[in-house]
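Hydrogens, waters and symmetry mates play no part in the numbers below; they use all other heavy atoms, side chains included. All residue numbers refer to positions in the sequence shown, counting from 1.
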Amino acid sequence: MLGWSPEMFWKATAAEFEMTVEGLSGNVRGRPFISREEVRRIAAEHGVRPSLKSNPSAKTVGG
């Protein structure tokens, strides 16, 4: 449904996944689903990973 490869799916951030699902469903909330403080806490606990935006082989869904 997302049109992502398994590698792209597992590399996506929670925010990227949520925005994709919202966009595909047409149910865009227009507000963050997670606070910046929560993102900082999770990053400190699990480390920072690169965004899909930095992946040169990433493809746009529906584009």
Side-chain angles (χ1 to χ4, degrees):
M1 179 177 172
L2 296 178
W4 291 358
S5 69
E7 179 184 9
M8 287 174 66
F9 174 82
W10 291 112
K11 286 184 176 181
T13 65
E16 290 165 335
F17 178 75
E18 183 75 12
M19 288 186 289
T20 301
V21 171
E22 285 181 2
L24 288 172
S25 70
N27 185 23
V28 179
R29 293 186 287 180
R31 62 176 175 78
F33 75 101
I34 187 170
S35 71
R36 288 180 184 253
E37 186 55 41
E38 185 70 5
V39 170
R40 285 185 194 102
R41 185 192 66 73
I42 292 169
E45 187 176 326
H46 298 285
V48 177
R49 296 186 180 161
S51 167
L52 280 176
K53 294 176 197 174
S54 64
N55 182 342
S57 63
K59 297 176 183 169
T60 303
V61 175

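The side-chain contact (heavy atoms from CB on, under 4.5 Å) search around A15 returns T13, M19, F33, not counting sequence neighbours. Taking T20 as the reference, nothing meets the side-chain hydrogen bond (donor to acceptor under 3.5 Å, both in side chains) condition, with sequence neighbours excluded. A search for side-chain contact (heavy atoms from CB on, under 4.5 Å) contacts involving V21 returns L2, F17, not counting sequence neighbours. For E7, the side-chain contact (heavy atoms from CB on, under 4.5 Å) partners two or more places apart in sequence, or in a different chain, are S5, K11. Evaluation of the salt bridge (charged side-chain N to carboxylate O under 4.0 Å, His left out) rule for R40 yields E37 as partners, not counting sequence neighbours.
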